[in-house]
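The model shown is predicted, which means the values in this text are computed figures rather than measured ones. Chain identifiers are assigned alphabetically (A, B, ...) following the order of the sequence lines, protein sequences preceding nucleic acid strands; residue numbering begins at 1 within each chain.
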Amino acid sequence: MQNAINRRLFLQLAGAGGVVWVTGCASTPGNTASADFYFVQLSDTHWGFKGAAINPDSAGTFPKTIAAVNALNPPPDFVVFTGDLTHISDDPAERRQRLKQFKAMAATLTVPVVHYMPGEHDASLDNGAAYQEFFGATHYSFDHKGVHFIALDNVSDPHASIGAAQLQWLQADLATQAKDARIIVFTHRPLFDLYPSWDWATADGAQALALLEPYSDVTVFYGHIHQEHHQMTGHIAHHAAHGLMFALPAPGSQPKRTPIAWDATAPYKGLGYRRVAEAKGSAATLTELPLQGA
Amino acid sequence: MLTRRQLLTRAAGLVLIGYGFNGAWAETPAPKVYRIAARRFTYTPETLEIAANQPAIIELTVTDVLMGFALPSLHLRTDIIPGQIARLKLPALPAGEVPFLCDVFCGSGHEQMGGSLHVV
């Protein structure tokens with residue numbers, strides 16, 4: 001099978017990459033539709049960010065990431081960006097300029113399929129209008145080799161809500177799936193209350209989780225918090241990804257959620273991306289790859 | 001000499017003081033009113049001292065764009081809409097610090113926009 005990952009090879013790659021973490025989202029018995037493949041999650045590239053004390057290579061970090069992903073062999077089946085493609089600008093023209101530049105750079109990814117999602121920096125000031133001009137719909141679903149993927153937008157509403165209309169769409173989308181279907185959800189913000197005092201939550205995330213709860217094999221991948229984080233809500237696993245511009249402190253570890261300063265002795269520390277391997281009949285395998293050395 | 005308006009205000013205050021939820025005469029003080037003004041990307045004041053063990057009302061205004069005012073530890077929040085006064089009722093609180101933040105994404109300084117209630 002083209003692009004199929006030899007499981008032994010993948011584990012070797014995972015070991016070389018650093019942290020290896022195996023999710024608790026084991027396939028349910030009889031769920032054998034999945035085929036072997038892997039995808040890459042990139043998050044929080046914040047194109048347009050400037051701050052030498054935080055990232056003196058702000059213009060070079062995204063190209064470096066693209067080069068690292070293009071060097072993956074075998075290549076992933078697809079790449080997904082889980083939001084905050086660009087850093088916020090209060091100027092609508094500058095916002096569009098950053099989105100345009102990001103899109104042009106992302107086009108140099110040699111992976112043939114790339115899925116995009118907005119973060120609040122891309123979409124919250126204009127309800128996603130500029131984002132949609134460049135990348136289209138902010139929520140959607142698709143199927144790939146036996147896995148049902150759902151991208152949820154919890155950022156276009158500046159109140160950090162999914163909203164009644166999208167929840168209704170989610171309910172209808174899930175109704176097409178068997179209760180033991182393998183379902184992967186992409187969001188920008190966490191769907192659960194990770195740390196509301198830092199705005200690390202989704203106002204109506206509990207309603208989305210209630211809709212997902214009847215499905216036995218659900219995993220959520222998200223961004224927003226610029227660090228690896230894993231949590232279960234019931235049987236649903238949630239995995240936050242590293243950011244690709246600056247790292248943020250652990251939830252509640254300090255009074256303010258200010259970015260972590262650049263460490264000249266360990267450039268790109270705290271930045272990275274994730275590979276997710278899907279194999280029929282077994283749990284997904286997550287590999288966290290630091291950007292340093294890429 | 002009290003004006004008619006002052007008399008009405010004081011009378012209303014006595015009613016609030018005098019009656020609890022069950023309508024019985026009680027020594028419940030009227031909520032004290034505090035004010036916070038918001039603009040991108042600050043609250044003034046950022047630290048608001050309020051009295052402990054006494055209900056309060058915070059009146060919030062904003063001069064530029066839609067914002068939020070959230071007290072996550074109390075599960076309370078309100079929108080602040082330009083040109084309007086938002087009123088958030090607080091229960092009697094024990095002494096301590098209660099952080100607040102803007103929970104409506106309002107721009108480039110949104111993530112630094114917050115403060116705390118200093119309850120004494």
| CZ/B:Arg39: more than 12 non-hydrogen atoms of other groups inside 6.0 Å | no

| request: Give, for atom OG of A:Ser161 and atom CG of B:Asp103, the distance between the pair rounded to the nearest 0.5 Å. | output: 9.0 Å

| Hey, are the side chains of A:Asp199 and B:His110 touching, using non-hydrogen atoms and a 4.5 Å cut-off? | yes

| query | Between B:Ser108 and A:Asp90, what is the shortest heavy-atom contact and its length? | reply | OG-OD2, 2.6 Å

| task | Can you establish whether the number of heavy atoms outside B:Gln112 located under 6.0 Å from its atom CD is more than 12? | result | yes

| What closest approach, in Å, do B:Pro72 and A:Pro196 show between heavy atoms, and which atom pair accounts for it? | CG-O, 3.8 Å

| request: Mind listing the closest non-hydrogen atom pair of A:Leu125 and B:Cys106 along with its distance? | output: CD2-C, 3.6 Å

| Of the non-hydrogen atoms in A:Glu120 and B:Glu111, which two are nearest, and what is the gap between them? | OE2-OE2, 3.4 Å

| field | Residue, of A:Pro158, A:Ser124, A:Ser89, that accumulates the most heavy atom pairs under 4.5 Å with chain B | value | A:Pro158

| query | Side chain, backbone, both or neither: which part of B:Leu71 has an atom under 4.5 Å from a heavy atom of chain A? | reply | neither

| query | Which atoms of A:His87 come close to chain B, meaning under 4.5 Å heavy atom to heavy atom: side chain ones, backbone ones, both, or neither? | reply | neither

| query | When you look at CD of A:Gln168, are more than 12 heavy atoms from neighbouring residues, nucleotides or ligands closer to it than 6.0 Å? | reply | no

| query | Mind checking whether A:His159 and B:Phe105 have ring centres under 6.0 Å apart? | reply | no

